[in-house]
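Below is one structure, written out as structure tokens; the observations come after it.
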Amino acid sequence: MKPGGERLQAMSTHAGEITLRDILAWVPDLDIGVLPGPTSPGDDALDRDVEWVISARDRVPMLPTLRGAELILLPRRIVFDSAVPLPLLINEIAVQPVAGVVIDIDPPASSRVPVLVVPTITPELESDLNRLLMSRRNDLLRTGAEIERSISELTSLGAGPGELIDQLSELLEFEIVVTNSSGATAYSSRDDTHSSPVIGAGNESWIQQTLRRGHVLWIGPISSNRSALARLIGKRLREAVQQAMDHAEATAPHGAARVHALNQILVPPTGMDPDRLATAAVRAGLPLGATYRVALHPQTEADPALRRRLSTLGQDFEAGTIGGFAAHILVSDTDRQVNTSRRAFEPETNNLWIVVSEPVATARQLPSATRQVRYLSALRAQGQLDGSEIFFDRDHQIGPYRLLYEHWGTDRIPKYVDSLIGDLIREDRRGLLRATLRAYLEHGGAQRLTAERLAIHRNTLTYRLRQIRVVLHADPDDPDVRLGLHLALLASELPQIEPAS
């Protein structure tokens, strides 16, 4: 039976260069015959080091002088010629410091040393296995030296943990993940930063290295034929990642500098690389592997109700001001469902409200979330939306403005507006007719309610509606026309995109 996915939950961090497990993965004809039981917790016979391969001889002494960790080839012919029962013969070998025994006959029922089986022990097998060991050791030394050079170069350039992990992952062709004390992803070379390492999947697993402050470094998934390389670089990677994390923590911005850094993440300079944005987020102290929302509200003295409501949406990171509004980044655990549908907060002043973006999965998406709340805050400030809190992912709150958002800032909006109500906008300099048409459409064509809403006489309303029909060459009471006119009116009043301040 080859070692498979059911054997371990996390791969051993055994520091041996090449082990029995590696040879089993590299030599298809080799298989497990019988293994001794563990002598201590965590002991695994397949993790024994293998330094060299030696064939048993048909003369006395059967074995040359051993230095330790040899893999002994015991051919069928020698077993028969010795006239010694196989179990006794293997037990005699077991008193030597050997890695294991390879036979080409049926294995004994038990053994004090690992016994591997092969169909036939050919005269060439010893030299073939030793050439394999030499070749793989050279590969490991070469790769180890290359990794060491890369780590030194990245460290000298002051690479952060995220950049270090990405570069080494690409070089090694392993995924590298760092989880925090709660198991959430802190850094990851994988696109899906919300996924924790899946341990023990099939014939692949992960090497685990413990870092300080409850962090854990995961390297994988490791196929069995690459476990020697993973063990070789595991400790060095741990040291390099820990050093990078310590440096990032020591140089992270604090106080006003941190607020400024977070603000630059929400409204980054034009053309800023998203990877640099993610690195800046980590440096500013935003945890990875979490869910983020951006919130804006009018600048005011601290309102207890506002603070309490923000705290229910996640860990609150103040991020300066955007467009004259106070900005916050709200971070919540991905495993915890934030309750956004609870009763809205009740501010002490009627002029205080908050707008909140939809949740985003990575720091790279924070500028998009910021755009959402800038849109909502402008609509709320203009009175086109109401309520003490507005969430971008509550379609029933935003209504048609959610559909219009997708075209906000594009030339599609002015073209659409002009095609439907362009003549009305040009003729209606004071905006009375547009306000009348909007109120009329919002009240479903009910004249009494519209007149009350506008505080005008019904005769005045009738006169204005007649003017509207003449200018538009369209009837607002026509069901095929009404919806388009309403959307065009709303689109004409969308806020302009202004630079953040």
When L46 is tested against each of I23, L35, D22 for side chain to side chain contact (heavy atoms under 4.5 Å, CB included), which residue passes? L35
Test side-chain contact (heavy atoms from CB on, under 4.5 Å) on L494 and Y405; report intermediate values, then the result. CA-CA 9 Å; L494 290 180; Y405 174 77; over 6 Å; no
Salt-bridged, R293 to D393, with N to O below 4.0 Å? yes
Beyond-backbone contact of I93 with L63, side-chain heavy atoms, under 4.5 angstrom: yes
Which atoms form the tightest heavy-atom contact between S110 and V34, and what is the distance? CA-CG2, 3.9 Å
Can you list the steps and then say if S205 with I222 is a side-chain contact (heavy atoms from CB on, under 4.5 Å)? CA-CA 5 Å; S205 196; I222 310 296; 5.7 Å; no
So which heavy atom on S188 is nearest to which on D166, and how close? O-OD1, 3.8 Å
Roughly how far, to the nearest 0.5 Å, is the CZ atom of R231 from the CD1 atom of I219? 12.0 Å
Closest non-hydrogen contact found for A99 with L20 is O-CD1, 3.4 Å
dist E389:CD -> L306:CG (nearest 0.5 Å) comes out at 10.0 Å
Would you mind reporting whether F317 and V331 have side-chain heavy atoms less than 4.5 Å apart? yes
Exercise: identify the closest heavy-atom pair between L376 and F391: CD1-C, 4.2 Å
Check: A284 main-chain N/O paired with R258 side-chain donor or acceptor under 3.5 Å: yes
Quick check against the 3.5 Å criterion: does E51 have a side-chain atom that pairs as donor or acceptor with the backbone of G68? no
For L125 and T120, the nearest pair of non-hydrogen atoms, with its separation, is CD2-O, 4.5 Å
Pairwise distance CG(L172) to CG(L237) - rounded to 0.5 angstrom: 6.0 Å
As an exercise, state the distance from OG of S150 to CD of E170, rounded to the nearest 0.5 Å. 10.5 Å
Treating D49 as the side-chain partner and T19 as the backbone partner, does any N or O pair qualify as donor plus acceptor under 3.5 Å? no
Would you say the side chain of R57 lies within less than 4.5 Å of the side chain of I78, judging by non-hydrogen atoms? no
Can you tell me if Q96 has over 12 outside heavy atoms packed within less than 6.0 Å of its CD? yes
Check the pair V79 / I103 against side-chain contact (heavy atoms from CB on, under 4.5 Å), numbers first and verdict last. CA-CA 9 Å; V79 174; I103 59 176; 5.7 Å; no
Using a strict cut-off of less than 4.0 Å between a Lys/Arg side-chain nitrogen and an Asp/Glu carboxylate oxygen, indicate whether R307 and E318 qualify as a salt bridge. yes
Any sub-3.5 Å donor-acceptor pair from D316's side-chain atoms to S311's backbone N or O? no
Check the pair N138 / R136 against side-chain contact (heavy atoms from CB on, under 4.5 Å), numbers first and verdict last. CA-CA 5 Å; N138 288 336; R136 294 302 173 102; over 6 Å; no
From S135 OG over to L133 CG, what is the distance, rounded to the nearest 0.5 angstrom? 9.5 Å
Can you confirm whether the side chains of T312 and R309 place a donor and an acceptor under 3.5 Å from each other? yes
Does any N or O in the side chain of D104 come within less than 3.5 Å of the main-chain N or O of P119, such that one atom is a donor and the other an acceptor? no
Output for pair (S368 OG, F392 CZ), nearest 0.5 Å, gives 10.0 Å
Set of ring pair (Phe, Tyr, Trp, His ring centres under 6.0 Å) partners for Y187, sequence neighbours left out: none
Checking the side chain of R412 only, and the main-chain atoms of H407 only, is there a donor and an acceptor separated by less than 3.5 Å? no
Would you please test E148 and R236 for salt bridge (charged side-chain N to carboxylate O under 4.0 Å, His left out) and show each step? CA-CA 8 Å; E148 195 63 43; R236 185 64 186 96; 2.9 Å; yes
Is there a donor-acceptor contact under 3.5 Å from the side chain of T143 to the main chain of L140? no
Taking the side chain as everything from C-beta on, heavy atoms only, tell me whether V294 gets closer than 4.5 Å to L266. yes
Mark yes or no for whether S169, through its side chain, and F174, through its backbone, hold a donor-acceptor pair below 3.5 Å. yes
Sub-3.5 Å donor-acceptor pair from the side chain of Q372 to the main-chain atoms of E358, do we have one? yes
Whether the side chain of W408 engages the backbone of I413 through a donor-acceptor N/O pair (distance < 3.5 Å, no angle test) should be reported. no
When you compare the side chain of L211 with that of R238, does any pair of heavy atoms fall below 4.5 Å? yes
Is any side-chain heavy atom of L229 closer than 4.5 Å to one of R226? yes
Compare every heavy atom of P108 with every heavy atom of L86, then report the nearest pair and how far apart it is. CD2-CD, 3.9 Å
Return the set of residues passing side chain to side chain contact (heavy atoms under 4.5 Å, CB included) with S82 (not counting sequence neighbours), or none when no residue passes. M62, V84, L89
Over 12 non-hydrogen atoms of neighbours within 6.0 angstrom of CG in D106: no
Whether over 12 other heavy atoms sit under 6.0 Å from H247 NE2: no
Measure the shortest side-chain to side-chain distance between I390 and L379 over non-hydrogen atoms and say whether it is less than 4.5 angstrom. no
I'd like to check L296 versus I354 (side-chain heavy atoms, cut-off strictly below 4.5 Å). Are they in contact? no
